[in-house]
Each structure stands twice: as structure tokens, then as C-alpha cells.
There are 2 protein chains.
Amino acid sequence: MSKASERAYSQIRAMILSGALPAGAQLGEEALAERCGVSRTPIRDALRRLEGELLVKRSGTQRTFVADWSLDDVGDAFELRAMLEGHAARRAAERMTDPQIKRLREANRVIGAAVRASPPDVEGFLEGNREFHAIILQAAASPRLAALLGTLIEQPVIWRTAHHYGREALLRSFGEHDELLAAFARRDGPWAEAVMAAHIRRAYHAYADAHTGLAVIDRQLAHG
Amino acid sequence: MSKASERAYSQIRAMILSGALPAGAQLGEEALAERCGVSRTPIRDALRRLEGELLVKRSGTQRTFVADWSLDDVGDAFELRAMLEGHAARRAAERMTDPQIKRLREANRVIGAAVRASPPDVEGFLEGNREFHAIILQAAASPRLAALLGTLIEQPVIWRTAHHYGREALLRSFGEHDELLAAFARRDGPWAEAVMAAHIRRAYHAYADAHTGLAVIDRQLAHG
DNA sequence: CTGCTCTACTTTGTATACAATACACCCTGC
DNA sequence: GCAGGGTGTATTGTATACAAAGTAGAGCAG
């Protein structure tokens, strides 16, 4: 898995996460092989890994698709993420080093700048967010927890959410990070856990509201 | 993945779970292929899946081993399992149908019989336990939760634990299942969650105690 | 026109051959 | 005797050919 297989895995995942391969799209091994410039063998390896991460789904037999998430699925994922990442935050608060806190502050500074831009820089916001959460996960120092959360966090639907946010939602999210930073700074594990869980549940509600609204609009467009 | 690959996956997993392939053992694709009567291709597929479940580990490049768990790893896994399976119990309690409760009672009856046998039938106890927890996970009706828990539950170290239990520990575990059943019967989600989490944490403590004791004995044997 | 069936094609599963890589052992030189 | 390099071997990575299975589409019958 040194070269081609690893590269194929990254490429396919990037295509899914970026939306180049939309949810529900069929993944032909042959086509992917040609696209990545390798044979089907490393593609198969990559698809097995992505299947384990629930990023792709095998339709019984004979066909492979980009996983499609229902609203229930998304709700489940956010709830699990709230629980696990809350746990991660508690562990992180109990273990965090000063340099890590510094990196967290820097990541949050980037987020703040992105939020205050006109118009808000959603991509910058997302990038800062990933960094912020990645540092916390790293500080939690639990490989197993990281593995579980990885399959939840690295889902396109989880992050594309933010594109539907208004400025006030972005600002609120930013403020919650400040609260988290304060908890980390005083090594307050329980409070960090509570804030993190609430932070993620709030993100879900923002998503669900936006999604419902968009679904309504979609339906109106379809009928009118 | 219809036939050979699936079979190879099950076989290898069974070998790991049963201890026929001990932790740290090297897994040669060629040898496994011969042992399963298939070519290396389905073996590779199977190993990729098992790698995703953290049952096997790839040593950088060039070698594959049965995953070896430190005591910290086990502690992490139990803590995560307590959290997630507690969540599963709550969801299950809110959704459980009467037939499912009946199946739970039956599984617990099997466990009770195994515990009361002389000597206690540990294999029967484990079988009933797997069934008991599987029904709950199914009733929780969250594929994502099932996927996460699957990688935690299906670890040999988690279950072989019970071989170190005394009769009183087995009986206590059995009694906690009764408590869970009662919570399910009255659809008491929060209580089911609390009991389940405590149940699993207690199982870990029994394991850690036994492990520490065994480690001490091992050391004494090594020195004497 | 609709429904069914059969066929052809698409797609994945499996086997095998070959290449690359890392590890271990041995040989040589100091 | 030890250290360093080099070669041989074991093991995984990759490509390709072939087999099996299923789906879609076309053609035919009712």
C-alpha cells in the first residue's frame, strides 16, 4: 500500500469529499482505475478502506456507490459525534500542553478572521475548524477514539453544512470555540466536554433547520 | 465479495478471535491463502476489512500482524464501549418491540443456565452475552452506531476477559442483565443507559484486576 | 400497449504472473 | 571480533486475464 494504492485512496476520498463524486454516484472500478492511472487492484484496496469508513456503500453485490446519507443518518452521526468528541474534549483538557493550546488559539484566530470577512470566508472557516478539532483529537491521545471519530468527522455532509450558515451562526460557533479555549486553558475537563457536546449539537440544529428550509424551497421549485 | 472473500474474512476473523492466531502473530498472505483454499486476492480483501476493524495491524509496510493491545488500549476500548453501548441501550429502550424483549429474556436465560452450571460454562456465558448485546444493538436501529461498536466489541481481548471471572463476577454480570431487562420492559431509556454503562465499566474493572493479578504471577514465574 | 423473457453487456470476483521492496544473513575488510 | 555493505530471499504491491453474476435493454407475445 505504499504508492499507488495510497494515492488512489486519497484521490478517491478527495473526490468524494469535494463533491466531485456526488452522493449516490456509481463508482466503477474500471473508470476509477483509468482516472487514477493505475490498475483495478489498488482501486479495490482503496474502496475496501473507504467502505470501512462508510464513505462508499456496496449495493449488495455488483455495484458500488458514494454513500448517501438520509437526514436520520446525519442526525445519528452528529449525536455520536457530540458524545465522542465531548469525551475527546474532556481527555484533551486533562492532557493538553501549552504549545497545543497555542496552536488552538492560532486556529481560532484564523476562524475569527474568516468569520469577520465580507462576505464570510466559509472555506477558511472550515479549514480552521478542521484544524481546531484535529488538535483536540490529537491531544486526547486515544488512537481508538481517533479512529472512531475519523469515520464520523470526515464526511462531506458534516462539513458542507457550514455553507448554509448565516453570519450569526458562524459567529456563535466562533464564540463557542472561545469558551472551549477557556476550559482547556484551566484544564477543566468536564466543562470542556459539556461545551463541546453542546457545540456539536448546535451545529446539527443549524444544519437541520437549513436542510428543512432548503427542502421546502426545493419542493416549491419542483411544483412551481 | 460474494463467496471466497467473505469466507476468508470469516475464517481469519474466527482464527483471531479464537486465539488460533495469537496477538502479534505474523499474517502471511500466501500462507492464509493456502489455509483458506483461495488465492491471495480475496485474502487481501479480507485483511483490508480486518485492518479497518483494527483486528490486524500493518507494520508500516511489508508485514501484517494480529493486533496487539496494551492495557491502556483495552481501557480506552472499554470506556468508549461504555459510552456508546450506553447510548445504544437508551435508544433500544425507546424502540424495543415485545418480541425483541422476549428474545432478550431467552438470551439471558441461557446466560443464567451457563453461570449456574458446575463448573460455570464460560463459552455458553459468552455466547449468550454476544446474543444479548447484539439484540440491543439491533434494537437501537442506528447503522452508524452499530458500525462503530462493531469495531470495539468484536475484539478477542474484550471477550476472553470472562475466562478470568470467578462465579461471583459471572453472577453479578447476570444480575445486571436482569436490571437491564427491567429497564427495557418499562421503556426507561435513561436508566437503561446508566445501567449499561456501569455494567461495561464493571466488566473492565474485573478484567483489569484479573490482568494485574495475572501479570504479577507471570512476573513471579519469570523470576523464579 | 404492456408485460415478460431472453440475451448481451457491464461490473465485480478470483486467479496468476511479475515487480518492487525490505529484511536478514553472510561475507569481507579493518 | 566487529562493523559495514551487499546479496538473497521472503513478502507484499501491481497488473492483467478470465470467470461469474446481475442488470438493462430489446424483442416478442398476449
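As the structure is a prediction and not an experimental result, all values here were calculated from the model. So that the names make sense, note that chain A is the first sequence line, chain B the second, and so on, each numbered from 1.
- Here the C1' atom of nucleotide C:dT16 and the CD atom of B:E34 are 15 Å apart, to the nearest Å.
- With DNA chain D read from its 5' end, the first of the two nearest nucleotides for B:T64 and A:R40 is the one closest to B:T64.
- Residue B:R63 places no side-chain N or O under 4.0 Å from the OP1 or OP2 atom of C:dA24.
- Sparse packing is recorded around CD of A:E30, with 12 or fewer heavy atoms of other residues, nucleotides or ligands lying under 6.0 Å away.
- Among the atoms of the strands shown, only primed sugar atoms or phosphate atoms (P, OP1, OP2) are found under 4.0 Å from some heavy atom of B:L27.
- Put simply, the residue from A:F125, A:F184, A:F132 that forms a ring pair (Phe, Tyr, Trp, His ring centres under 6.0 Å) with A:H177 is A:F132.
- Closest of all the heavy-atom pairs between B:A33 and B:R40 is CB-N, 4.0 Å.
- Between A:R49 and B:E51 no salt bridge is recorded (no basic side-chain N to carboxylate O distance below 4.0 Å).
- One interatomic measurement links the two molecules: CD of A:E6 to P of D:dG13, which rounds to 11 Å at whole-angstrom precision.
- When each of D:dG13, D:dT11, C:dG13 is scored by its nearest atom to the side-chain atoms of B:R44, the top-ranked nucleotide is D:dG13.
- What separates CD of A:Q26 from P of C:dC9 is a distance of 18 Å, to the nearest Å.
- In this structure, B:E51 atom CD and D:dT12 atom P are separated by 12 Å, rounded to whole Å.
- As rounded to whole Å, 14 Å separates atom P of D:dC18 from atom CD of A:E30.
- Salt-bridge check for A:D45 with A:R7: failed, with every basic side-chain N at 4.0 Å or more from each acidic carboxylate O.
- Nearest-nucleotide positions on DNA chain D place B:E29 closer to the 5' end than the other of B:T41 and B:E29.
- In this structure, B:D45 places its CG atom 7 Å from P of C:dT14, rounding to the nearest Å.
- Rounded to a whole Å, the CZ atom of A:R48 is 16 Å from the C1' atom of D:dG13.
- To the nearest angstrom, P of D:dA15 lies 14 Å from CG of A:L32.
- Nearest to the side chain of B:S5, among C:dT14, C:dA17, D:dA15, sits C:dT14.
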